Amino acid sequence: MYPYMETVFFAAGIILLFLLWILYEDRKRRKIICRKIRRIYGNVPEREYSPGDIETISHYFRRKAGENFFIDDITWNDLDMDRVYMLINQTMSSPGEDVLYEMLRTPVFDKTEMERREKLIRFFAENPGKREEMEILLSAVGKTRYGSLSDTILALEDAKEVAASSHWIMLFLLVAALGSIPVWPVYGFLSFILLSCINVVFYYVGKDRAGIEAYLECFSSLLRMLGIAARADTVNWPETREHMERIRKGVKAFASIKRKAFFLTGKNDGTGNPAQILMDYLRMVFHLDILVYNSVLREVRGKSEEIMGILDSLGELDALISVASFREMLPQWCRPDFTEWTSGHIKLCVEDLYHPLISEPVANSITAENGILVTGSNASGKSTFLKNIALNSILAQTIFTCTAASYRAPFLKVMTSMALRDDLTGGESYFIVEIRSLKRILDESGRKEPLLCIIDEVLRGTNTVERIAASSRILKALDHDWVLPVAATHDIELSYILENLYSNFHFEEEVLDDGVVFNYMLQPGRAVTRNAIKLLRLMDYDPEIVSEAAEAAIYFEETGLWKKIK
């Protein structure tokens, strides 16, 4: 009897030590996560992106995009919104980064919805303890090595069942060998070891043949998310109650598979959790995940709506914490003031507007009640200013945050035509790409809904005469009460042709003996300097070339004609 008790005490001691190890590792991981959360909040994100990451993240948005207005690919790329997204993204989970991206591409046109988001952003900003508790929970949802969590989980809809009979036979033989150990200790133990080794090999061969490795990861991700979602009561504050109710409703749809989560949850999670390390070995030897695969698959199919509901709710909480962190990082920001528009010209008023991607930005202010035409030389700040107006309109209607001292405007659709390129794959020239881009803006302007359109260098892809003739008429066609067009041009003629419809502003520079100085400050009126010719002198061009060029420019401005060269 004594040796038997000694064995029992030894086994109990091993189990106790193992449990203490689990508790120690859990506490250590929590401390590491807490340190990371506190280190990154309010600072530039540390995440590094691999090629294709943003494309994968965008799948969630593309899956949800419907007929309602969203920021199209041309506008998104014109404004370099991938980089803006990376600057804001401090999310702890895959649903968080998916929802944040979707949020930035889908402007809101409802004050109530924006106020709801603002309430949560402010709650997380003002309650660091609760915010950190939520982030720890979200970090457990984590990210998956197969891309977006939504892609991973929803891929289960296309999964096929596997033939599991051979795995059941191997399990029976293994259990039989284990049961024979008390009767034939030596032979039973050797048989168990041999069958265990065979089972490990058969485990990987069987998974490869069935092609279910990725789907097992999908199950693991789903069940891990369900496990975290089921702990929603721990963060069930009044401000998050709406989200938690939606999460609980989604979790109920998967109540029948909770007991099977033990066999799948945490697989390949990479956390170093001792319990999951042990479970990985048990799965390899006993094929536990493969044996429950078919039954879990049947219960998951047809529940995409419930899955998306959980992803939406967890993801929005994570995304709005990122917005709170983004605000903390900014040197200056404001909440937008949305005005009602029913008739008359759209009015936009911004003060001390600056671009968040520029390290030492120059702030500008503008009040626009009709079209704006901006002139000035290259690199003077025209394009950055135009992008900044469009970007802040998007930020205002998505994350209720503007990089300005104040922003006041109605809800606006935002479309741009700026950083276009030749379509080499489609075989289209720059000019064809450009007129297609402008046509989509003209089409949208016909809907008689508030529209902010930003155009940089209208029709730059064609000759001067046709460019001025066509671009002036395109800009005239955008002169509606419900459209706020802001355009930049090098063609000073447009500032005269359109002066009854568009207000003129410009950026200027100063040519000194040792180079060109830009102040990047927006000035009223059209550009009047001829610094391009001054630069010729600065670069030691022949004085005769410089002098004749200056005379030709003056002659054209006085007569509207170009003097023929003899």
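What you see is a predicted model, and the numbers here were worked out from it, not measured in a lab. Numbering starts at 1 and runs along the sequence shown.
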Can you confirm if the aromatic rings of Tyr85 and Trp76 lie within a centre distance of less than 6.0 Å?
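No.
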
First locate atom [atom1] of [X], then atom [atom2] of [Y], and finally report the distance between them rounded to the nearest 0.5 Å.
X: Met81; Y: Leu391; atom1: CE; atom2: CG; value: 5.5 Å
X: Met114; Y: Ile121; atom1: CE; atom2: CD1; value: 7.0 Å
X: Asp352; Y: Cys402; atom1: CG; atom2: SG; value: 13.0 Å
X: Leu386; Y: Thr416; atom1: CG; atom2: OG1; value: 9.5 Å
X: Thr384; Y: Lys382; atom1: OG1; atom2: NZ; value: 9.5 Å
X: Arg35; Y: Lys31; atom1: CZ; atom2: NZ; value: 8.0 Å

Is it true that a side-chain atom of [X] and a backbone atom of [Y] form a donor plus acceptor pair closer than 3.5 Å?
X: Tyr354; Y: Gln332; result: yes
X: Thr240; Y: Trp237; result: yes
X: Asp78; Y: Met418; result: yes
X: Thr398; Y: Met103; result: no
X: Ser393; Y: Ile389; result: no
X: Gln397; Y: Leu412; result: yes
X: Thr401; Y: Ile399; result: yes
X: His480; Y: Trp482; result: no
X: Asn89; Y: Tyr101; result: no
X: Gln90; Y: Asn43; result: yes

Just wondering, do [Y] and [X] contact through their side chains at under 4.5 Å, heavy atoms?
X: Val99; Y: Asp318; answer: no
X: Cys453; Y: Val483; answer: yes
X: Arg62; Y: Arg105; answer: yes
X: Tyr41; Y: Pro128; answer: no
X: Met86; Y: Ile54; answer: yes
X: Leu104; Y: Ile71; answer: no
X: Phe123; Y: Leu320; answer: no
X: Glu434; Y: Ser437; answer: no

Nearest heavy-atom neighbours spanning [X] and [Y]:
X: Ser93; Y: Leu138; result: CB-O, 3.5 Å
X: Pro361; Y: His355; result: CB-O, 3.9 Å
X: Ile454; Y: Ala390; result: CG1-CB, 3.7 Å
X: Pro356; Y: Leu330; result: CB-CD2, 4.4 Å
X: Gly250; Y: Phe254; result: O-CD1, 3.2 Å
X: Trp341; Y: Asp481; result: NE1-O, 3.9 Å

Apply the test side chain to side chain contact (heavy atoms under 4.5 Å, CB included) to residues Val350 and Asn392: give CA-CA distance (whole Å), side-chain angles for both, the deciding distance (0.1 Å), then the verdict.
CA-CA 9 Å; Val350 287; Asn392 271 272; 5.9 Å; no

So does [X] pair up with [Y], basic N to acidic O under 4.0 Å?
X: Arg116; Y: Glu316; result: yes
X: Glu239; Y: Arg131; result: no
X: Arg246; Y: Glu242; result: yes
X: Glu115; Y: Lys111; result: no
X: Arg248; Y: Glu245; result: yes

Is the count of non-hydrogen atoms from other residues, nucleotides or ligands lying under 6.0 Å from Glu305 atom CD greater than 12?
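12 or below, so no.
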
More than 12 heavy atoms of other groups within 6.0 Å of Lys347 NZ:
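Atom NZ in Lys347 is not packed in, count stays at 12 or less.
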
Any chance you could lay out the side chain to side chain contact (heavy atoms under 4.5 Å, CB included) test for Leu478 and Ile455, step after step, and finish with the verdict?
CA-CA 11 Å; Leu478 292 172; Ile455 305 172; 3.8 Å; yes

Take Phe385 and Ile366 through the test side chain to side chain contact (heavy atoms under 4.5 Å, CB included) and record every step on the way to the result.
CA-CA 10 Å; Phe385 176 70; Ile366 191 170; 3.9 Å; yes

Which label fits Phe70 and Phe61: parallel for a plane angle under 30°, tilted from 30 to 60°, or perpendicular past 60°?
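Perpendicular: the ring planes of Phe70 and Phe61 meet at over 60°.
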
Would you call the rings of Phe338 and Phe400 parallel, tilted or perpendicular, where under 30° means parallel and over 60° means perpendicular?
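Correct class here is tilted.
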
Residues Thr75, Asp72; criterion side chain to side chain donor-acceptor pair (under 3.5 Å); working and verdict:
CA-CA 6 Å; Thr75 302; Asp72 64 18; 2.9 Å; yes

Is NZ or CZ of Arg47 both nearer than 6.0 Å to the six-membered ring centre of Tyr49 and within 45° of the ring axis?
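Judged by the rule, Arg47 and Tyr49 form a cation-pi pair.
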
Before you tell me yes or no, could you show the steps for Phe109 and Glu449 under side chain to side chain contact (heavy atoms under 4.5 Å, CB included), namely the whole-Å CA-CA distance, both residues' side-chain angles and the distance that decides it to 0.1 Å?
CA-CA 11 Å; Phe109 298 87; Glu449 297 172 349; over 6 Å; no

